[in-house]
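The block underneath contains the structure these notes are about, expressed in structure tokens.
Order of the sequence lines sets the chain letters (A, B, ...), proteins ahead of strands, with each chain counted from 1.
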Protein chains: 2
Amino acid sequence: MNNYTEILRQHNLKATPQRLEITNALYTSGHISIENLYDVMLKKFNSISLATIYKNINLMLEASFIQEVKIPNEKSVYELTKETHSHIICDSCGEIRDIELNLDSVISNAAQSSNYNIKKSALILSGTCKNCQ
Amino acid sequence: MNNYTEILRQHNLKATPQRLEITNALYTSGHISIENLYDVMLKKFNSISLATIYKNINLMLEASFIQEVKIPNEKSVYELTKETHSHIICDSCGEIRDIELNLDSVISNAAQSSNYNIKKSALILSGTCKNCQ
DNA sequence: TATTAAAAGATAATAATTATCCTTTAAGTT
DNA sequence: AACTTAAAGGATAATTATTATCTTTTAATA
């Protein structure tokens with residue numbers, strides 16, 4: 001039994017073969033767009049419907065099993081929910097990497113100057129990765 | 001003469017009445033979505049085409065006269081290009097505010113741990129504004 | 001194994017965005 | 001100030017992205 005079966009169920013999502021494969025694609029790629037996910041899924045399920053992709057992505061988002069990452073000038077990608085982290089994308093090869101950064105002081109500064117009660121942050125950095133430099 | 005005429009021209013954009021009004025809407029609102037912009041524009045140009053909105057937004061983006069702001073779980077909004085800044089959005093009333101935050105140390109940490117040559121950052125904070133608390 | 005609510009697949013419908021084509025106009029030139 | 005022309009606007013078709021509908025299949029539980 002795939003170890004994501006239980007986790008899907010914990011999120012009130014039935015562990016269908018399609019969902020396990022979506023999960024696998026997310027896990028393997030780290031970050032994947034709808035169209036890339038559809039391509040990957042077609043290899044395993046030659047008659048999967050695009051509607052199934054959308055429905056599952058939306059249900060998984062609602063269940064907070066996955067997260068959407070909105071990247072400037074790019075299509076959205078999706079990732080399995082994990083510890084809070086930031087993202088860094090290479091403007092040359094397009095690689096998207098997770099990066100753990102401590103934003104505490106930035107957020108406390110922001111809270112002070114804005115009077116907002118800040119709950120979430122989304123930071124996306126971009127530049128050139130080691131390979132592309 | 002509206003003071004944005006020259007600035008539009010400096011970006012190789014003809015200063016048409018429609019563009020001046022788009023600019024005015026961006027300036028007045030700070031941040032505006034396509035559909036809200038279309039509504040605002042219709043009040044001044046009762047037969048403006050939605051295609052005109054899209055074409056201009058895209059040309060203005062290419063010319064870096066404006067920027068797109070991608071907000072988690074929200075539609076994109078657009079703003080006039082200005083000094084680098086972050087954004088903070090209220091999850092209750094939806095207010096979007098610019099906020100100047102010093103990300104230097106976060107970025108240098110990120111550069112060090114990722115080996116990326118970082119050029120840009122996009123930080124969006126969310127929470128509850130003073131009024132909504 | 002039988003039951004059932006939920007999920008998948010096919011596809012229609014809707015929404016968002018872009019392309020096309022013709023008319024109008026901003027901006028430079030005479 | 002009229003002339004020229006590339007670019008912009010408007011109308012609308014086409015395309016792309018996303019959601020809804022309906023029927024069949026299946027995961028989960030009894």
Side-chain angles (χ1 to χ4, degrees), chain A residues 1-25 32-63 65-66 68-78, chain B residues 1-25 32-63 65-66 68-78:
Chain A
M1 185 197 279
N2 184 307
N3 56 357
Y4 273 105
T5 300
E6 241 352 274
I7 303 178
L8 280 167
R9 287 182 186 152
Q10 283 164 12
H11 288 84
N12 291 311
L13 297 166
K14 282 191 184 178
T16 66
Q18 290 86 345
R19 285 180 181 168
L20 287 167
E21 192 55 38
I22 289 174
T23 304
N24 186 49
I32 197 165
S33 66
I34 294 283
E35 62 178 350
N36 287 163
L37 178 58
Y38 184 48
D39 289 346
V40 167
M41 294 296 291
L42 274 174
K43 289 172 188 163
K44 300 287 174 68
F45 302 89
N46 63 354
S47 72
I48 195 172
S49 169
L50 187 51
T52 299
I53 305 291
Y54 276 107
K55 280 185 289 192
N56 278 316
I57 288 294
N58 286 331
L59 285 168
M60 288 173 171
L61 283 170
E62 282 171 37
F65 176 66
I66 66 172
E68 181 178 7
V69 184
K70 289 191 171 188
I71 302 170
N73 314 311
E74 301 285 335
K75 289 189 180 170
S76 284
V77 295
Y78 300 86
Chain B
M1 187 198 277
N2 184 307
N3 56 358
Y4 273 105
T5 300
E6 243 348 277
I7 303 179
L8 280 167
R9 288 182 186 153
Q10 283 163 14
H11 289 83
N12 291 311
L13 296 166
K14 282 191 183 177
T16 67
Q18 289 85 346
R19 286 180 181 167
L20 288 168
E21 192 57 36
I22 288 175
T23 304
N24 185 50
I32 198 165
S33 66
I34 294 283
E35 61 178 350
N36 287 163
L37 178 58
Y38 184 47
D39 288 345
V40 167
M41 292 297 290
L42 274 175
K43 288 174 187 163
K44 297 290 175 68
F45 302 90
N46 63 353
S47 71
I48 195 171
S49 169
L50 187 52
T52 298
I53 305 290
Y54 277 106
K55 283 186 286 191
N56 279 316
I57 288 293
N58 286 332
L59 285 168
M60 288 173 172
L61 283 170
E62 283 171 37
F65 175 68
I66 66 172
E68 181 177 5
V69 184
K70 289 190 170 190
I71 301 169
N73 314 312
E74 300 287 335
K75 290 191 180 167
S76 284
V77 295
Y78 300 87

ask   = Between D:dA27 atom C1' and A:Tyr4 atom OH, what is the distance in whole Å?
value = 21 Å
ask   = Is any side-chain N or O of A:Lys55 under 3.5 Å from a base N or O of C:dG9, one able to act as donor and the other as acceptor?
value = yes
key: A:Tyr54 side chain near D:dT19 phosphate (N/O to OP1/OP2, under 4.0 Å)   = no
ask   = Any side-chain N or O of A:Thr52 under 4.0 Å from OP1/OP2 of C:dG9?
value = yes
note = Heavy atoms of A:Leu8 and A:Ala15 approach each other most closely as CD1-CA, 4.0 Å
key: Touch class at under 4.0 angstrom, heavy-atom based, for B:Ile34 against every strand present   = nothing
ask   = Across the strands shown, which category fits B:Ala15 at heavy-atom distances under 4.0 angstrom: base, sugar-phosphate, nothing?
value = sugar-phosphate
inquiry  = Could you tell me how far apart B:Ile53 (CD1) and C:dA16 (P) are, to the nearest whole angstrom?
reply    = 15 Å
inquiry  = Between C1' on D:dA11 and OH on B:Tyr38, what's the gap in Å once rounded to a whole number?
reply    = 11 Å
inquiry  = What's the closest nucleotide to the side chain of B:Ser47 if the choices are C:dA10, D:dG10, D:dA27?
reply    = D:dG10
query = Distance check: side-chain N/O of A:Asn58 vs OP1/OP2 of D:dT19, anything under 4.0 Å?
reply = yes
ask   = Taking for each residue the nucleotide of DNA chain C with the nearest heavy atom, is it B:Leu13 or B:Ala51 whose nucleotide lies nearer the 5' end?
value = B:Ala51
message = Looking at every heavy atom in both B:Met41 and B:Gln18, which two are closest together, and how far apart are they?
response = CE-O, 3.3 Å
query = If we only count heavy atoms from C-beta on, is the A:Glu21 to A:Ile48 side-chain gap below 4.5 Å?
reply = no
request  = Taking all heavy atoms of B:Ala63 and all of B:His11, pick out the closest pair and write down the distance.
outcome  = O-CD2, 3.1 Å
query = Taking only side-chain nitrogens and oxygens of A:Thr16, does any of them come within less than 4.0 Å of OP1 or OP2 of C:dA8?
reply = yes
